[in-house]
Peer 1: 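The structure's right below; bear with me while I get my questions together.
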Amino acid sequence: MTIQTEPFIVNIGPQHPSTHGVFRMRVVLDGEKIIDADMVVGYLHRSLEKLAEERTYTQNIPFTDRMDYLSAMSNNLGYCMAVEKLAGIRVPERGQYLRVIMAELQRIANHSMAIGTFINDCGAWQTPLMWMFAEREKILDLFEMTCGARLTCNYMRIGGVAFDIPDEFLPAVNGLLDDLPRKIDEYEKMLMENEILIARARGVGTIPRDLAISASLTGPMIRGCGIPFDIRKADPYAVYDRFDFAIPVGENGDSYDRFLVRMAELRESVKILKQAVPALPGGPYKVDVPLSIRPPIGDAYARVESPKGELGYYIVSDGGTAPYRFHVRAPSYINLSVLREMVIGASVADSIVSLGSIDIVIGEVDR
Amino acid sequence: MSGVGPVSAFYVLAVLSIGSALMVMAARSIIHAVLFLVLFFVSLAAMFVLLSADFVAVAQLLVYAGAIGVLVVFAILLTPSREQRGMETKFVGPGLLAGAVVAGTVIFIAFNTNWPTASNDFPSTVDAIGQALLNRWALPFEIASVLLIAAMIGAIVIVGGRGVDLDPGAAGPSARLVRRER
Amino acid sequence: MLGDWGHLGFLILVGIALPGTALVVSVLLGLFKIRPKLPNSVKLATYECGVETEGPSHVQFHVGYYVFALLFVVFDIESIFLYPWAVAYRHEAIYGLVEAVIFIGVLVLGLAYAWKKQALVWR
Amino acid sequence: MTALSGFLLSQWYDLRDLGNPVRALIDWINGWGDGTTFHWVGYIVAGLIGAAAIGLFLGIAMLSLIWIERKAVSRIQIRYGPNRTGPFGLLQPVADALKLMQKEALTPLAGDKIVFWLAPVVIFIPTLLVFGVLPFGPKMTAANISVAVLYIVAIGSATPLVIFMAGWSSNNKYSLLGAMRGIAMAISYEIPMVLSLLGVVLFTGHMDLNGIVQWQQKYHVWLIVLQPLAALTYFISASAELNRTPTDIAEAESEIVAGYHTEYSGMKFGLFYAVELGNALAVSGIWATLFFGGWWLFGLDRWIPAWLIFLGKMYILYGALIITRGTLPRLRIDQLLDFAWKFLLPLALVNVLVVALEVTIWQENGISAGIVLPVFAVVNILLSVVLVVGYVQSFGFARRQRPRRARLITDTLAAMPQ
């Protein structure tokens, strides 16, 4: 016997506590079950890619800060690498090492935030988020020490980094690196065996492996499915090929696996930092590059493993001081594309967990 | 029943219960009707207190105001919304007839029963009910459990234990409804 | 005994008066212009995350809720039957035990049936 | 000391029991005229004093709980919590209340205005009615009724309906979803609650709370020792109905914004907020009465005012609610219902049968309580440990399917799928 029920439409977002900004999910519900879902993006669109065509190459660096504002360093890095590739600039050793150190610190900061908000989306009452914030604060202090800004750092420059690190940076980062493994142990003990968290996240928002590949997911999303795809290994940039680190992968591709991958990546980042900080060479941290650089006519694509996935910049130069075309392959946006497949058939509660496990930043989705 | 307090309480409750019972019929919104019904159940429970039946009062509160009220609410929200609004029905005539019969019976019984009245210091009735259930009414007590289980099995069978599929014909606001097994 | 129940009646009065006072004070503050009252149609619209509501809000709901309500009614009545039994239990313990084991046994059978028929699975 | 106690005993100035001055006043009023005419005045005055005292207590308790809760949760979250308004932020609740009062109160146009305004008022009544039967001291119960245990459950079953009123009248989809979830959860958890309290009634043979406290006093034991299963099932199922974090699916802020009170603002929202705290305090009060001896504290209640002991127990047990709120993520609705029907309900049924068996053994053989109660305590504690651990082993996730860490891969090319 079938009893008819009326499906009804509910908008989750744009002004919703857990859509991580102004993302909108328009779902058709049958009771609590989602039978259809539409994703609406664009509420935060600032046409960064168009604006960038009117600015010089150097002036564009602060724009990249504002895309994924939780990992400004990685964004800077990708953009500078693309311009360097276009103009054929070689970055000195010290600059490369500083870039790696900053990018990995940023990864820890971003993953702390991602894990914290993910558990918040699972319904914890702020506690894990606040605990995670404590570690993130220390990293942001390091950024402030180096470049004066905490969130939108604008630290990387074409040909190196903007400033050399201050004297108190190295002791502070060493202290942090001694502290972090203990803290990560604590978090793992707290979170990984939490019965409710496992019940809420395991088997929720599962992405089949072939879907993950065909949707070109990257970052923890694809690694959660068991595919060890990481730009740092697949297409090493900066000095990543000199360090010994592993790529954590999950098994089932569900939300819990993505959470596990992020937890493990915290450890791997600490491992990289522990190798990179003692090996930091002397010498110049930047090559002299004219402020309004004019790269030769051509195009270049550079990609980095940002905390959210493959962050790629495609720049076309017409020989002028501004890029002719500027395109960003934003990992948040592409990872978000599978959300519809994840939530249909799930309940409202599960859909929020799925969304939280993607770790999107609307600034990057909408650009 | 004696004393100013209980008597005045009786009149207050009588007005409340009859008024809310009338409002159940008069209310335009069906949810309002349910809320008045719950109010009626609650005032009836208070009436039982005045009749020295404290256990029955609490049971009334628990079963009728709590359980039946919720059941009726769910039943209403399960009805298609277009059917929630019909004020006219072809059952007016039979309904009035049935109501008149029930009312007549109730009035007849009310005038022909020697009602016990509450004393201000009545003993708890729970113990007496319990003794009765243990001795004289042991068999009905057991049969009641079987009856309840029968009701439960009936409910499960009617709703269909294996669950309810969304009828694809019930395409509502969304043009592309996706049917998917979980 | 009856007097104690009457005290509960006074409590109901207080229970209405307490939040009533809070609301009245709040309304008075509005009259004295301490509390703003500047309604407009957007403010008074139904909140749906900043977009306009689509379709009716009061819709037919999923049947899953109803199954649980039915189960609840049955178990509720059963457990109420057990209370007088529990109070009077001390007088006839062995007889009462047998009686209760049968009663609760039937209850458990029902629970097992519902469990097996997946009526306890939320969907 | 005994002389002092005897001197104090039950005089109007004996504040170990706040009922004494009230009773003295009532006796004085009853003595007016010829000693019978003015009893109704005494009755009304007594009722009003009791009701007003409970109302006042609840008001102060809610204000104090706002501060305690915010401060304690802040400590769990490595924060300071309120510390600007007054010493240690003690005036924060007052500031909160003032702020809520002077906020614009909106009534959604599409909603049902009468029900919308009625819901925050009506929701106070069940809370107050529960406090009405709690024994704050030996003679400090506003209404000492004989069916109190069942009455508490019955009054509690009214709250979901009020939540439904709030959710339905808002004419908001989140509110309606929240209201439906709230009712579905409340009705599922009511059954284990009723059955767990049945164990207490069966053991003590009393349905009034004073009787249960006196039973614990008589046998010199807290019922949590004898009834650990009942205490556990009651605590879980009662706290499930409080809409607090592990089970706050009715207002699940990360899913359905604020659930049933999404549309409420200003003081009307404040009332829901206050009632939530009041209900939580009521649950800890019932827990203290039934399982922790109420106002009785191993004879110390002769010296310390009994109501102070009761308040202390109530607030300490409230701490358990704060800790669960601060540390646990929310469950999904189907998991919650599963938990109620497949864990708590069987557990409560087992408890009832075990208690029935024990009472039979005790009554039929006439063994003295001194021998039989310790044995029961050990048996029941062992049984509950076995049952809970067994359930976790067979149904839990953490142990059965131990969460492995992510697999670490160094040679990525070899591990790539072809």
Side-chain angles (χ1 to χ4, degrees), chain C residues 1 3-20 22-23 25-26 29 34-39 41 43-49 53 57-58 61 65 68-69 72 75-76 79-80 82-83 86-87 89-90 93-94 96-97 100-101 104 107-108 111 115 120-122, chain D residues 43 47-48 50-52 54-55 59 101-106 108-110 120-121 124-125 128-129 132 142-146 150 171-173 176 180 184 187-188 190-191 194-195 198 201-202 205 207 262-263 266-268 271 333-334 337-338 341-342 345 349 352-353 356-357 359-360 363-364:
Chain C
M1 279 307 294
D4 283 311
W5 286 93
H7 287 165
L8 292 177
F10 288 111
L11 264 177
I12 292 179
L13 292 183
V14 172
I16 294 170
L18 206 68
L23 285 183
V25 169
S26 168
L29 288 176
I34 296 171
R35 187 172 62 99
K37 192 174 182 356
L38 303 161
S41 61
K43 252 189 213 174
L44 296 182
T46 304
Y47 173 79
E48 198 169 318
C49 287
T53 310
S57 297
H58 294 158
F61 244 82
Y65 295 94
F68 279 97
F72 164 64
F75 277 95
D76 210 23
S79 42
I80 281 182
L82 284 174
Y83 266 86
V87 173
Y89 185 74
R90 301 171 158 260
I94 290 183
L97 183 69
V101 166
I104 295 176
L107 193 82
V108 169
L111 183 66
W115 199 326
L120 299 180
V121 177
W122 175 263
Chain D
Y43 177 72
L48 283 181
I54 285 174
M101 273 199 191
Q102 57 99 38
K103 276 217 161 190
E104 181 168 6
L106 296 170
L109 274 181
V121 177
F124 252 79
I125 298 174
L128 270 169
L129 284 181
N144 182 20
I145 60 176
S146 56
L150 202 53
N171 198 14
N172 181 313
K173 286 165 191 165
L176 195 64
M180 296 298 275
I187 60 174
S188 296
E190 207 166 296
I191 306 294
V194 174
L195 287 175
L198 185 67
V201 173
L202 201 52
M207 262 176 91
T262 304
E263 292 285 353
M267 200 58 222
K268 292 203 288 295
L271 291 175
I333 182 164
D334 55 329
L337 298 191
D338 260 19
W341 290 97
K342 297 181 182 169
L345 181 54
L349 282 173
V352 168
L353 284 177
L357 198 64
V359 172
T360 313
Q363 293 296 313
E364 293 295 313

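What's counted below: heavy atoms across the whole structure, side chains too, no hydrogens, waters or symmetry copies. Lettering follows sequence order; numbering is per chain, from 1. If you're wondering where the values come from, they're calculated on a predicted model, not measured in any experiment.
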Peer 1: Strictly distance-based, threshold 3.5 Å: is any side-chain N or O of D/Glu263 a donor or acceptor partner for the main-chain N or O of C/Tyr47?
Peer 2: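 Yes.
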
Peer 1: Which pair of non-hydrogen atoms, one from C/Leu18 and one from D/Gly55, has the smallest distance, and what is that distance?
Peer 2: CD2-O, 4.0 Å

Peer 1: Return the option, out of D/Gly205, D/Pro108, D/Ala51, with the maximum number of heavy-atom pairs under 4.5 Å with chain C.
Peer 2: D/Ala51

Peer 1: Which atom pair, heavy atoms only, marks the closest approach of C/Phe72 to D/Ile187?
Peer 2: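 Closest approach of C/Phe72 to D/Ile187, heavy atoms only: CD1-O, 3.1 Å.
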
Peer 1: Ignoring hydrogens and angles, tell me if any N or O in the side chain of D/Glu104 forms a donor-acceptor pair with the backbone of C/Leu38 under 3.5 Å.
Peer 2: yes

Peer 1: For the atom pair NZ (D/Lys268) and OG (C/Ser26), what is the distance rounded to the nearest 0.5 Å?
Peer 2: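 The NZ atom of D/Lys268 sits 7.5 Å away from the OG atom of C/Ser26.
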
Peer 1: By a 4.5 Å heavy-atom criterion (distance strictly below it), what part of D/Leu357 contacts chain C: side chain, backbone, both, or neither?
Peer 2: both

Peer 1: Between D/Val194 and C/Leu82, does the side-chain contact (heavy atoms from CB on, under 4.5 Å) criterion hold? Intermediate values first, please.
Peer 2: CA-CA 10 Å; D/Val194 174; C/Leu82 284 174; over 6 Å; no

Peer 1: Could you check which of D/Leu106, D/Leu150, D/Ile191 has the highest count of heavy-atom pairs closer than 4.5 Å to chain C?
Peer 2: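 Among the listed options, the one with the most contacts to chain C is D/Ile191.
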
Peer 1: Calculate, to the nearest 0.5 Å, the distance between atoms CZ and CG belonging to C/Phe75 and D/Leu349 respectively.
Peer 2: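 Reported to 0.5 Å precision, the distance equals 7.5 Å.
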
Peer 1: Can you tell me which portion of C/Leu111 sits under 4.5 Å from chain D's heavy atoms? Options are side chain, backbone, both or neither.
Peer 2: side chain

Peer 1: At their closest point, which heavy atom of C/Ile104 faces which heavy atom of D/Leu353, and how far apart are they?
Peer 2: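 What the structure gives for the nearest pair is CD1-CD2, 3.8 Å.
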
Peer 1: Between D/Pro120 and C/Pro19, what is the shortest heavy-atom contact and its length?
Peer 2: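 Heavy atoms of D/Pro120 and C/Pro19 come nearest at O-CB, 4.1 Å.
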
Peer 1: Is the NZ atom of D/Lys342 crowded by more than 12 outside heavy atoms at less than 6.0 Å?
Peer 2: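 More than 12 within 6.0 Å, yes.
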
Peer 1: Which atoms form the tightest heavy-atom contact between C/His7 and D/Gly47, and what is the distance?
Peer 2: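 Shortest heavy-atom contact: CD2-CA, 3.4 Å.
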
Peer 1: Between C/Tyr83 (side chain only) and D/Val201 (backbone N and O only), is there a donor and an acceptor less than 3.5 Å apart?
Peer 2: no

Peer 1: Where on C/Leu29 is there a heavy atom nearer than 4.5 Å to chain D: the side chain, the backbone, both, or neither?
Peer 2: side chain

Peer 1: Which atoms of D/Leu271 come close to chain C, meaning under 4.5 Å heavy atom to heavy atom: side chain ones, backbone ones, both, or neither?
Peer 2: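 Side chain only.
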
Peer 1: At a heavy-atom separation under 4.5 Å, does C/Ile16 approach chain D through its side chain, its backbone, both, or neither?
Peer 2: both

Peer 1: Looking at every heavy atom in both D/Leu128 and C/Gly15, which two are closest together, and how far apart are they?
Peer 2: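 Looks like CD1-CA, 3.0 Å.
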
